[in-house]
Amino acid sequence: MLVVQKYGGTSVKNIERIKKVAEKTIQYKNQGNEMVIVVSAMAGETDRLLSLAHEIARFPDEREADVLISTGEQVTAALLALTLKEMGHDAVSLMADQVKISTDSSFGKARIADIEKDRVISQLKKGKIVIIPGFQGVDEEGNITTLGRGGSDTTAVALAASLNADLCEIYTDVDGVYTTDPNICSKARRLDRISYDEMLEMASLGAKVLQIRCVELAKKYNVPILVKSSYEEGKGTLVCREDRTMMEKVVISGVTYNKNEAKITVSKVPDRPGMAAMIFTALSDVNIPVDIIVQNVSRGSYTDITFTVAKADAKKAYKIMADIVKEIGAESVTMDEDIAKVSIVGVGMRSHSGIASKMFSVLANEGINIEAITTSEIKISCVIEAKYGELAVNVLHRAFGLDKQDVEEESEN
Ligand code: ADP
Ligand code: ASP
Ligand code: MG
C-alpha cells in the first residue's frame, strides 16, 4: 500500500516525539508499505516565527513572511529524516520546490494548483521513506508560499490525491473528530465516521482539527481521511462520503464554537435597490470575507443591515462602513467584538423538522439571547454574547443527545 501520514505540531514537538513518529513510520514500512510523511512545524514554532516578524513590522511583507514561516516545517522534515537514518532506515526529505508543489501567489493563503509526483515516486521505488514539509508551496516565479494556518493537513490530502494513495492518515493530539471540541466539553464523544459535508461545516464553523481546504480537497478527489492520535492507539475517525446509515442514525453530529468573529451593524440604511450591493462590494474590494448577513424588515423607508467578519478584519471593515454611512445617508455604524457563534451540524437535519426550534429553546432556557441566525441545509448557527459561548456548547451538546454516558450512568440504565 502507499500510505500518506501527516503529523501535526504537538506530534513532533520535541526529539522524543519525533522518535515516536519514526518508530510508527518504520512499523508501517516493515509491513511492506510505501511511506510518504508530511510534517508540521514543532508545536508553537509558527507562532514564534510570526511574532518575530511582528516585532519588526505591524504588517510584515507577505512574501518575506512566507519565507520565514515555511522554515518551521523544513526543520521538522530534516529532523525526522535524520532520526530515521539514525535508526537504520533510508529516508529523504523533499521541500515543496523539490517535489514540486505548485501554488498560486497568494502569500499566506496560497492554493495548491498542481503536484509533480515523479520525484516522490522514484524515491519510493528506491525504498526510501519520503518526508515532505507541510504548509509550503512554490509559485510560478519560484517564490515560497504558505497555505494558511493548519495548512499541513491540506498538503497531506493533496499528496494523497495526487499519488493515488491507498490510505491518508492525519495524526494529531486527539484520537479523532469529536462531537464538539473535547477541550471545551468533557462529554464530547469521538465519532467513528463523519461525512465530508459535515466535516466541512464543522471545520468552517471553528473545529480546527482539520483545515477546511483539506476537507474540500478530500471531498473533491474522494480521499478518505483517517484522523488519529499520535499519542495512543485507537480506531480514530474516518472522514468519508456520506452513506445511508450515517443519515438515518443521527440528526446532529456535532456542535461548534467560534469566537473569532465580530458583528457590525449599519443602522437606518435607506431602503432602496443597490444599498446592500454597495456595502458588500466595498468589503469584497479589499478582500474581507463576510460570514453571516442579516437584513431587517424595513421600518418605513429604512432598514438595518448586520453582518459578521473575522475579528482580524473587523477594524478595517468598521472604518469602511463609517465612510459608507456618510456616503449613503445611513444613520450610524456599530461594532461588537464580544460575540461567539455556536452551531449545530448534521446531515440528518435534511430529513428532520423541529431542530431549529429546539436549538432556540435550549438557548432561551439558559437566558441566552440570540443576536443573529444563519442556516444551511445541514447546519444552524446562532450569534450570542461571547460569555455564554462555552455554556451554549455544553447545553446544546446535551440537548441533542451527544453527551457521552459516564460509566456509572451506563450501569444505572
Ligand atoms: P495539529 O497540530 O495536530 O494539526 P490542531 O491543534 O490543529 O492539531 O487540531 C487539533 C485540535 O482541534 C484538538 O486539540 C482540539 O482542541 C481541536 N478541536 C476543535 N474541535 C474539535 C472536534 N470537533 N474534534 C476534535 N478536535 C477538535
Ligand atoms: N505550522 C502551520 C501552522 O501552525 C501549519 C500546520 O501546522 O498545519 O499553522
Ligand atoms: Mg492543525
Side-chain angles (χ1 to χ4, degrees), residues 5-13 17 21 38-51 65-66 68-77 96 108-110 112 132-137 145-159 169-194 198-215 225 227-232 234 236-237 239 252-260 342-346 379 389-390 393 396-397 402 404:
Q5 291 181 333
K6 176 255 169 177
Y7 291 89
T10 44
S11 307
V12 291
K13 67 179 179 194
R17 293 307 311 172
V21 170
V38 175
V39 286
S40 281
M42 295 161 94
E45 180 62 6
T46 311
D47 287 337
R48 188 186 74 84
L49 293 167
L50 271 172
S51 66
D66 274 1
L68 176 71
I69 59 177
S70 62
T71 60
E73 272 66 16
Q74 180 158 339
V75 168
T76 320
K109 48 174 185 270
I112 296 177
I132 295 174
F135 188 48
Q136 58 172 250
T145 56
T146 64
L147 309 181
R149 298 307 304 265
S152 299
D153 297 335
T154 303
T155 307
V157 170
L159 276 163
E169 295 183 324
I170 304 261
Y171 283 91
T172 180
D173 57 355
V174 281
D175 63 343
V177 179
Y178 276 65
T179 46
T180 192
D181 188 342
N183 289 318
I184 293 184
C185 175
S186 60
K187 299 261 180 171
R189 252 185 321 110
R190 184 185 56 78
L191 297 163
D192 282 333
R193 305 158 77 88
I194 184 168
E198 287 170 313
M199 192 63 237
L200 259 182
E201 290 282 12
M202 290 201 26
S204 66
L205 294 168
K208 69 164 182 170
V209 59
L210 290 178
Q211 202 202 29
I212 306 170
R213 182 75 188 125
C214 129
V215 190
I225 307 173
V227 180
K228 291 169 109 178
S229 162
S230 66
Y231 286 79
E232 50 186 317
T237 300
V239 185
I252 301 302
S253 300
V255 181
T256 61
Y257 167 53
N258 181 352
K259 37 179 193 180
N260 296 322
V342 283
S343 314
I344 55 175
V345 177
K379 73 118 196 276
E390 297 195 7
V393 168
L396 288 169
H397 197 265
L402 297 175
K404 119 177 122 195

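Just so we're clear, the structure is a prediction, and the values are computed from it rather than from any experiment. We count ligands from 1, going down the list as the structure has it; atoms in each ligand are counted the same way.
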Regarding ligand 1, does D153 bring an N or O atom to under 3.5 Å of one of the ligand's N or O atoms? no

On a heavy-atom basis, which atom in T256 and which in A207 lie closest, and how many Å separate them? CG2-CB, 4.3 Å

With a 4.0 Å heavy-atom cut-off (strictly under), which part of S152 contacts ligand 1: side chain, backbone, both or neither? neither

Could a heavy atom of G9 be found less than 4.0 Å from some atom of ligand 2? no

Using a strict 4.0 Å cut-off to heavy atoms of S40, name the atoms of ligand 2 that fall inside it. 6 (C), 7 (O), 8 (O)

Below a 4.0 angstrom heavy-atom separation, can you tell me which part of Q211, side chain or backbone, both or neither, approaches ligand 1? neither

Atoms in ligand 2 with a heavy atom of G150 nearer than 4.0 Å: 3 (C), 5 (C), 6 (C), 8 (O), 9 (O)

May I ask whether G134 places a heavy atom under 4.0 Å from ligand 2? no

What protein heavy atom sits nearest atom 3 (C) of ligand 2, and how far off is it? R149 NE, 3.4 Å

Classify the contact between T180 and ligand 1 as side chain, backbone, both or neither, using a heavy-atom distance cut-off of under 4.0 Å. backbone

V174, portion touching ligand 1 at heavy-atom distance under 4.0 Å: side chain

What part of V209, side chain, backbone, both or neither, has a heavy atom within less than 4.0 angstrom of ligand 1? both

List ligand 1 atoms under 4.0 Å from K6, heavy atoms only on the residue side. 4 (O)

Distance only, no hydrogens: is a donor on one side chain within 3.5 Å (strictly under) of an acceptor on the other, for T146 and D66? yes

